[in-house]
Each structure stands twice: as structure tokens, then as C-alpha cells.
Amino acid sequence: GHKTILLNLDTGEIIPHWVEIDMRSDDEFRTLLYIRTLRGLDHNADYGIGITGLTSNGTMIEPSLAFKAMIEGNLTTATDIEDRRESFEELFTELEANGYPRLGLQAAWRFHTASTESIIGGMLHMREDTLERIGDGGIGCNVTSVEDNYGDDNLTFRRIRGTFTAPQYLENYQEPPTIMVRDDEGNPVFKEYGEVPFTVIIPQSLADINASGPLIVFGHGFLGNGHGAISGGAREWAQQYNISFIASDFYGWSSSDMQTIQSALIDVKYFEHQADRLQQAMVNKITMARTFKGVCSAIPEFYNDGTNLVNTEDVHYMGYSLGGIYGPALVALSPDIDRGVFWVGGSAFSTMIERSTHYYQFELVFSHDVSYPERIDRAILISVAQQLWDSTDPESYFPFITNGYGDVLGSNHVLLLDSVNDAQVAMLSSDRAGRTANIPILNTSSRIPYGMDVDNGPVNGSAMVYFDGNFPGVPEGNLPPPSEYHSLAHNSVATVPESNELVFQFLSTGIITNTCDNVCDYEFDW
């Protein structure tokens with residue numbers, strides 16, 4: 001009964017979707033109609049779209065003259081129409097077979113999605129080259145500072161800062177904006193070896209019992225950095241659960257990328273620079289995991305009274321917010337990380353960003369007279385930018401994260417932990433991530449997204465769960481909630497005992513167990 005249809009022409013499957021008008025439109029004569037899929041589409045597949053029932057002021061909208069000639073079968077002298085007639089006839093046949101007669105259509109078109117190789121081929125090429133260059137144990141690291149009893153609060157036994165050596169594929173990795181070095185076929189080319197900053201925190205609890213605890217790679221939040229992320233609240237997690245954290249920056253969306261991002265909002269060619277930095281960040285973190293499992297696994301700074309407090313035999317991942325968004329790509333790409341937790345993440349960056357309170361700060365620059373003052377231009381540019389982000393977007397990797405990708409990427413176990421009415425990462429994006437990953441959702445989840453299988457647990461594999469703190473609802477359209485909602489649902493879920501128990505039990509055992517009594521909800525004083 002929908003007025004629109006999205007059809008996989010290869011399989012005949014009707015694809016669930018929703019339609020919305022651009023709520024940001026500032027032009028009474030022009031706007032955008034979005035057709036939003038509920039999950040990532042198949043790679044290298046043929047799709048068709050049909051649209052009916054569009055009205056303007058109560059009057060049915062007429063098809064374009066060109067499209068009218070197509071649906072009525074009238075020959076024209078326009079070669080660009082006639083050259084596509086056979087393809088459209090095939091599309092009309094498929095649409096009619098599904099209840100959308102050609103004469104009732106107002107618009108229709110077909111498109112072919114990119115292949116996996118064209119989406120992530122460059123990233124995989126860089127990964128392969130990186131793994132060959134760093135070998136089985138990495139190249140090396142250099143400790144630049146050691147602070148015992150960091151914070152003076154008996155939470156952190158030692159904070160270690162330094163650099164590790166990683167292959168670099170950017171023209172100038174130290175001075176963004178910068179772009180990837182590429183060969184004539186577009187593949188990334190190795191430029192040089194570079195020193196990438198890292199930070200490690202070892203909790204006081206491990207020193208107190210003089211025992212070794214696991215090492216967790218931590219992914220920081222939007223426009224943050226690795227050093228700041230684990231030097232703050234993460235120290236309490238480390239102390240409570242006897243783990244050490246290691247972090248580096250998610251270049252591309254880190255605090256060091258503000259100039260690149262601002263440049264892109266004024267001149268969108270710089271989005272390529274920003275997206276290339278994201279790819280380099282993956283290389284850096286792949287290298288970091290291998291280096292600290294290898295040649296830097298037993299540096300003197302890890303020891304206390306003859307005991308190495310950092311167990312690097314099994315390295316896992318935990319990311320929050322941005323770290324929960326881009327963590328899936330890292331977990332899929334790194335052969336040294338076997339499981340990961342993604343707090344309040346999602347997929348398809350171009351779909352989520354306008355629904356985030358973070359977008360307020362970008363719109364000020366993006367809509368300026370020297371940038372792109374026309375709303376319709378900004379909307380299209382954000383959508384088009386997705387093809388640059390695809391190389392590191394979880395949307396591209398979730399289809400492979402639990403089953404692997406050929407003999408290139410191995411399988412992983414992951415936990416997606418999300419928050420109802422999140423003002424920073426839209427639930428629609430989080431739902432999408434779970435569906436694209438094709439994983440079940442726990443039966444105690446406070447939100448059960450459409451199209452996901454429910455599992456009672458425990459799950460020896462991957463799963464998703466929502467927690468609900470009864471926060472204000474978010475807009476249904478592509479608008480952000482009020483700025484005062486910014487941190488409510490997004491940050492408070494990290495303080496819930498049941499969510500913490502779920503996360504760290506999974507990181508230590510690989511088993512996802514229901515930690516909520518009946519439903520995962522909680523009270524929060526805000």
C-alpha cells in the first residue's frame with residue numbers, strides 16, 4: 001500500500017524503507033524527498049524505484065515530459081530518452097508485477113550499487129600493504145612520558161605516553177588538511193613511516209594485586225582525541241574491571257581535524273582530505289594493535305614488581321560515540337582484535353549527522369554566504385559525501401563483521417549497546433547498524449527495532465541492546481533535538497550498572513548475557 005516501492009531487481013525482493021520530506025527546507029518552491037532504507041543495500045546489485053501519489057496543494061503532480069513519453073510508449077527524437085527505453089521497459093515490467101502500473105507512476109528509475117571492491121578496495125589494499133610492512137610484531141614504539149599515580153586519586157597506577165611507528169599514506173600526515181598519495185589506478189601509495197601518538201593507562205587495582213589484566217583499544221568521541229578520552233572517565237572503568245586502555249586518535253573526526261572539517265564546509269573538495277584521514281586512522285590503529293601485541297608487549301613501563309600488568313595476548317576494542325560508529329570498521333579490518341563493544345553508535349554517517357545535536361556547529365559555517373547558503377545544495381552535498389565516507393563507514397563492514405569477507409577479513413563478535421532517544425546518534429542510525437550487521441537483539445532491550453530477530457540470551461556471538469532512561473523524544477524528521485538534550489541519553493547510559501556489567505562481561509568472556517531483570521531501563525536525575 002505504499003506510494004513508493006524500492007525493488008531489488010536481481011532477487012525480486014521489495015526493500016522496506018521510509019519516505020520523508022526535508023524538514024530543513026527553506027524554499028517554498030523546491031525541496032527534497034528522501035527515500036531512506038532501513039539497512040545497507042546489497043553491494044553490486046541492481047535496484048529500481050517507483051513513485052506514485054505525490055501531490056502539491058492537493059493536486060497530483062504530473063510526470064516530466066520525458067518520463068511521460070516513457071510510460072505512454074510515445075517515441076521521441078531525443079536520443080538520451082530512446083537509448084534508455086529498453087532499460088525502462090524492463091523496470092516497468094517489474095514494477096507492474098508488484099502492483100505499480102506504469103501509467104500510475106510519476107517517477108521511476110533504476111540504479112546499480114557499487115561493488116565491495118570499489119567501496120573498500122582502496123582500504124583493503126592499504127591494509128594488506130601495512131600488514132606486510134609491519135610484519136608479525138609491528139615495528140616499534142617510543143615512550144616519551146610516564147606518570148605514576150596519575151590523577152592523584154589512586155585510580156590509575158600509571159599513565160604512559162609515547163609514539164609507535166606506522167606506515168603513512170598521506171602526503172603530509174603531520175599537517176592536515178592533507179590528501180592520500182595515490183597511483184594512476186587510484187590505489188593508496190606508501191609515503192613514509194611516521195610516529196603516531198599513543199596513551200596507555202594501567203589501573204591501580206592491577207598493581208595492588210600485582211596481576212596482569214587485558215588490554216582494550218579505546219575509541220574516543222566526536223572531535224575528541226585518544227589521549228583525553230582515556231585520561232578522564234575511562235580510568236574508573238579500568239580500575240573497576242582490572243583492564244588497561246590504549247588509545248590513539250581517530251583522525252578525520254578528531255580534535256586535530258577542525259581545520260580540515262571547516263575547510264570542507266566552505267569548499268567541499270576538502271571532504272576528500274577528511275575522508276582520507278579516516279582511512280589513515282584505520283591504518284594507525286591496525287598498526288597499534290599489532291605493535292602492542294608484538295614488539296611492545298613487554299616494555300619496561302608495563303611492569304611492576306616483576307609482573308607485566310598488561311596482558312596483550314588478547315586485545316579487544318571498546319568505542320564510545322564516534323568510537324562506537326567507526327569501531328566496527330577497525331574491528332573488521334584488524335586481524336589482532338577479535339571482539340568489540342560499540343557504545344551509542346550507528347551506521348551511514350550522512351543519514352545520522354543532520355539528526356545530531358553536533359550538527360548545530362557545522363550548519364553555522366556550512367550555510368554561510370561564502371559556503372553553501374542554499375539548503376538544497378547542502379543537503380545534496382552531504383548525501384554525495386557518503387561515497388567518500390563509505391571506505392570507513394560501518395555500513396560497509398557490518399555485512400562481513402560476523403561472517404568475514406572471503407579470505408581477507410575474519411569474523412568477529414560484537415556488542416551494540418544503544419540509548420533510546422539519543423540526541424547525538426539517532427536511533428534510526430543505530431537500528432540500521434543492527435539490521436545491516438544481521439545480528440539479534442536481546443529480548444530485554446527497551447527498544448525492538450523492526451526487522452530484527454529477538455534472542456533471549458546468553459549469546460555466544462554478536463547481539464544488540466537498547467537501554468531507556470525515559471528521556472524526551474527526538475524529532476521524527478531530519479532535525480536535531482534541542483541542544484539541551486545533547487548529553488542526556490547519549491552519556492547517561494555509561495553510568496548504568498547493568499550496561500557496564502553487560503559490556504565488561506562480554507569483553508572478558510565473549511558471551512553476551514542478559515543483565516537486566518525484565519527490560520533494560522533506568523532512572524536518571526536530569
Legend entry - Exceeds 12 heavy-atom contacts within 6.0 angstrom, atom CD of Glu90: yes
Inset, instruction - Verify the neighbour count for atom CE of Met23: are there more than 12 heavy atoms of other residues, nucleotides or ligands below 6.0 Å? - result: no
Looking just at side-chain N and O atoms, do [X] and [Y] make a donor-acceptor pair shorter than 3.5 Å?
X: Glu94; Y: Asn98; value: no
X: Ser446; Y: Asp521; value: no
X: Asp249; Y: His227; value: no
X: Thr260; Y: His273; value: no
X: Arg36; Y: His17; value: no
X: Thr515; Y: Gln505; value: no
X: Ser118; Y: Ser115; value: yes
X: Asp22; Y: Thr31; value: no
X: Ser367; Y: Arg378; value: no

Legend entry - Non-hydrogen side-chain atoms of Leu507 and Tyr317 separated by less than 4.5 Å: no
Lys/Arg N to Asp/Glu carboxylate O, [X] vs [Y], below 4.0 Å:
X: Arg277; Y: Glu272; answer: no
X: Asp431; Y: Arg447; answer: yes
X: Glu395; Y: Arg432; answer: yes

Closest non-hydrogen atom pair, [X] against [Y]:
X: Pro176; Y: Ser256; result: CG-O, 3.7 Å
X: Thr444; Y: Asn518; result: CG2-O, 3.5 Å
X: Ala229; Y: Ala234; result: O-CB, 3.7 Å
X: Met427; Y: Tyr466; result: O-OH, 3.2 Å
X: Glu354; Y: Ile382; result: OE2-CD1, 3.4 Å
X: Val465; Y: Cys520; result: CG2-SG, 3.9 Å

Aromatic centroids of [Y] and [X] separated by under 6.0 Å:
X: Phe349; Y: Trp253; answer: yes
X: Tyr485; Y: Phe471; answer: no
X: Phe271; Y: Trp389; answer: yes

Legend entry - Parallel, tilted or perpendicular, as decided by the 30° and 60° cut-offs, for the rings of Phe366 and Tyr372: perpendicular
Inset, instruction - Look at the aromatic rings of Phe524 and Tyr522 and report parallel, tilted or perpendicular, splitting at 30° and 60°. - result: perpendicular
Inset, instruction - Mind checking ring-ring contact (aromatic ring centres under 6.0 Å, His included) for Tyr241 and listing every partner two or more places apart, or none if nothing turns up? - result: Phe504
Inset, instruction - Identify, with sequence neighbours excluded, every residue that meets ring-ring contact (aromatic ring centres under 6.0 Å, His included) alongside His358. - result: Phe222, His486
Legend entry - Verdict with supporting geometry, Tyr270 and Ile179, side-chain contact (heavy atoms from CB on, under 4.5 Å): CA-CA 9 Å; Tyr270 286 102; Ile179 204 166; over 6 Å; no
Legend entry - Pairs flagged by side-chain hydrogen bond (donor to acceptor under 3.5 Å, both in side chains) wherever residues 449-465 is involved - sequence neighbours left out: Asn443-Asn456
Legend entry - Partner set under side-chain contact (heavy atoms from CB on, under 4.5 Å) for Ala281, not counting sequence neighbours: Phe250, Tyr251
Inset, instruction - May I have the step-by-step check of side-chain contact (heavy atoms from CB on, under 4.5 Å) for Ser25 and Leu32, ending in yes or no? - result: CA-CA 8 Å; Ser25 178; Leu32 290 175; over 6 Å; no
Inset, instruction - Apply the test side-chain contact (heavy atoms from CB on, under 4.5 Å) to residues Val493 and Val344: give CA-CA distance (whole Å), side-chain angles for both, the deciding distance (0.1 Å), then the verdict. - result: CA-CA 9 Å; Val493 69; Val344 289; 4.0 Å; yes
Inset, instruction - Taking salt bridge (charged side-chain N to carboxylate O under 4.0 Å, His left out) as the test, write out the residues that go with Glu236, two or more places apart. - result: none
Inset, instruction - Could you list the residues that satisfy salt bridge (charged side-chain N to carboxylate O under 4.0 Å, His left out) with Glu117, not counting sequence neighbours? - result: none
